[in-house]
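In what follows, a structure is listed as structure tokens, so that the remarks can point back to it.
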Amino acid sequence: MTTAPRPPPDPDHDPVPAAHGHVLVVEDDPRIAALVRDYLADAGYDVTVAGTAADALASSRRHRPDLVVLDLGLPDRDGLDVARDLRRDDTVPIVMLTARSDELDRVLGLEVGADDYVVKPFSPREVVARVRAVLRRVELEHRPQDRTRVGEVVLDRSARTLTTSGDPVDLTATEFDLVATLMDQPGRVFTRAQLLDAVHGVSFESYERTIDAHVKNVRRKLEADPARPRHVLTVHGVGYRFADD
């Protein structure tokens with residue numbers, strides 16, 4: 001487990017921007033780990049690298065990173081199990097790295113709490129863009145009088161909280177932004193592509209059906225009966241809408 005030093009300034013290039021977050025990279029391939037580490041460090045992040053699940057969990061407890069880039073193919077444990085453990089201890093955002101082509105693996109990762117994913121082989125610039133997008137969602141600036149109420153559901157953008165009948169609903173950053181997008185215009189039908197663009201905010205192609213996994217998580221947390229949702233409703237063949245009470 002290593003912490004990447006900041007590269008020295010290059011007189012022929014723009015200065016490296018000041019670090020604005022701590023990222024834990026969990027990747028057992030030293031070449032990939034070094035590549036991701038260097039690109040993130042050059043983008044201004046402090047980076048810690050772990051090559052095993054055990055090191056990753058220990059580092060997460062010790063350093064409390066702002067985001068985890070997590071490879072699913074680790075030598076000692078499955079990355080999905082690591083994601084579950086991280087989610088039990090914290091709400092740290094997770095961007096998965098996976099070489100698995102099976103759509104089910106990506107959906108399972110999202111269902112255990114990951115905020116985004118990148119499929120190998122990937123561009124390291126895409127990883128940086130994903131990290132930036134997720135952290136940007138987590139660190140949205142407070143906006144005054146930014147409360148939305150639909151029936152008994154109240155969303156507070158400034159506090160990044162959601163309550164239903166006064167009870168708090170614990171959402172990940174991506175889930176919160178998904179609900180916020182729907183609640184901003186209750187009754188409006190959003191396509192999966194529109195929701196994906198709203199919550200991811202990056203131009204790289206992604207799989208629209210991942211929205212379904214996030215909606216499933218939201219319903220499990222928000223709805224009294226997830227099988228018969230009252231708030232986040234499916235519009236078959238189109239997408240989703242928030243019920244206009």
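Quantities reported herein were computed from a predicted structural model and do not represent experimental measurements.
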Open item on the list: As a quick check of understanding, evaluate side-chain contact (heavy atoms from CB on, under 4.5 Å) for Phe242 and Val150, giving each step before the final call.
Closed with: CA-CA 9 Å; Phe242 202 92; Val150 181; 3.8 Å; yes

Task: Audit row: Phe122, Ile32, side-chain contact (heavy atoms from CB on, under 4.5 Å) steps and yes/no - done: CA-CA 10 Å; Phe122 55 79; Ile32 295 176; 3.9 Å; yes

Open item on the list: Could you walk me through whether Val23 and Leu67 satisfy the side-chain contact (heavy atoms from CB on, under 4.5 Å) test, starting with their C-alpha distance in whole Å, then the side-chain angles of each, then the deciding distance to 0.1 Å, before giving a yes or no?
Closed with: CA-CA 5 Å; Val23 179; Leu67 182 141; 4.0 Å; yes

TODO: In sequence, state the C-alpha distance, the side-chain angles, and the governing distance for Gln194 and Tyr240, and then conclude on side-chain contact (heavy atoms from CB on, under 4.5 Å).
DONE: CA-CA 10 Å; Gln194 290 169 332; Tyr240 297 96; over 6 Å; no

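When the salt bridge (Lys or Arg N to Asp or Glu O under 4.0 Å) test is applied to Arg31, the partners found at least two apart in sequence or on another chain are Asp29. For the salt bridge (Lys or Arg N to Asp or Glu O under 4.0 Å) test, no residue two or more places apart in sequence or in another chain qualifies with Arg219. Residues forming a side chain to side chain contact (heavy atoms under 4.5 Å, CB included) with Asp225 (at least two apart in sequence, or on another chain): Ala227, Arg228. Take Pro121 and apply the side chain to side chain contact (heavy atoms under 4.5 Å, CB included) test, not counting sequence neighbours, and it matches no residue. Looking at residues two or more places apart in sequence or on another chain, you find no salt bridge (Lys or Arg N to Asp or Glu O under 4.0 Å) involving Arg61. The side chain to side chain contact (heavy atoms under 4.5 Å, CB included) search around Lys221 returns Val169, Leu171, Thr172, Glu175, not counting sequence neighbours. By the side chain to side chain contact (heavy atoms under 4.5 Å, CB included) test, Val154 is found to be paired with Arg147, Arg149, Thr163, residues two or more places apart in sequence or in another chain being considered. When the salt bridge (Lys or Arg N to Asp or Glu O under 4.0 Å) test is applied to Asp76, no partner is found at least two apart in sequence or on another chain. Judged as a side chain to side chain donor-acceptor pair (under 3.5 Å), and not counting sequence neighbours, the contacts of Arg220 are Asn217. Under the rule for a side chain to side chain donor-acceptor pair (under 3.5 Å), the partners of Arg87 that lie at least two apart in sequence or sit in another chain are Asp115.
Grouped by direct or indirect side-chain proximity (heavy atoms under 4.5 Å, Ile/Leu/Val/Met/Phe/Trp/Tyr only), Val189 sits with Val235, Val238.
For Asp177 and Arg157, the salt-bridge test fails: no basic side-chain N is under 4.0 Å from an acidic carboxylate O.
Residues Met96 and Ala114 come closest through the heavy atom pair CG-CB, 3.7 Å. The minimum heavy-atom distance linking Leu70 with Val82 is given by the pair CD1-CG1, 4.0 Å. For the residue pair Val112 and Ala83, the shortest heavy atom distance occurs at CG2-CB, 3.8 Å. Scanning all heavy atoms of the two residues, the minimum distance from Gly51 to Leu74 falls at O-CD2, 4.3 Å. Thr181 approaches Ala198 most closely through the heavy-atom pair OG1-CB, 3.7 Å. Ala243 and Pro186 get closest at one heavy-atom pair: O-CB, 4.2 Å.
Met183 CE to Asp244 CG: the interatomic distance, rounded to the nearest 0.5 Å, is 11.0 Å. We find the CG-CG distance between Asp116 and Leu97 to be 10.5 Å, quoted to the nearest 0.5 Å. Between the CZ atom of Phe176 and the CG atom of Asp156 there is a distance of 7.0 Å, given to the nearest 0.5 Å. Atom OG1 of Thr91 is separated from atom CZ of Arg160 by 10.5 Å, given to the nearest 0.5 angstrom. Atom OG1 of residue Thr210 and atom CG of residue Leu110 lie 5.5 Å apart, to the nearest 0.5 angstrom. Between the CG atom in Asp81 and the CG atom in Leu72 there is a gap of 10.5 Å [rounded to 0.5 Å].
When Val95, Thr48, Leu40 are each tested for a side-chain contact (heavy atoms from CB on, under 4.5 Å) with Val25, only one passes: Leu40.
With a 4.5 Å cut-off on side-chain heavy atoms, Val131 and Tyr45 count as touching. Residues Leu182 and Leu195 form a side-chain contact, since some pair of their non-hydrogen atoms from C-beta on lies under 4.5 Å apart. Val36 places none of its side-chain heavy atoms less than 4.5 Å from the side chain of Glu27. Counting heavy atoms from C-beta on, the side chains of Val127 and Arg130 never come closer than 4.5 Å. Side-chain contact check for Ser60 versus Leu86: some heavy-atom pair is nearer than 4.5 Å. A 4.5 Å side-chain heavy-atom check between Thr164 and Val153 finds at least one atom pair inside the cut-off. Contact check for Val199 versus Ile211: side-chain heavy atoms found under the 4.5 Å cut-off.
The backbone N or O of His231 lies less than 3.5 Å from a partner atom in the side chain of Glu223, making a donor-acceptor pair. A donor-acceptor pair under 3.5 Å is absent between the side-chain atoms of Ser165 and the main chain of Asp167, judged by distance alone. Side-chain atoms of Asp28 never come within 3.5 Å of backbone atoms of Thr52 as a donor-acceptor pair (strictly under, hydrogens ignored). Between the Glu152 side chain and the Gly166 main chain, no donor and acceptor come within less than 3.5 Å of each other.
Leu233 and Leu178 fall into different hydrophobic clusters, defined by Ile, Leu, Val, Met, Phe, Trp and Tyr side-chain heavy atoms under 4.5 Å apart, directly or through other members.
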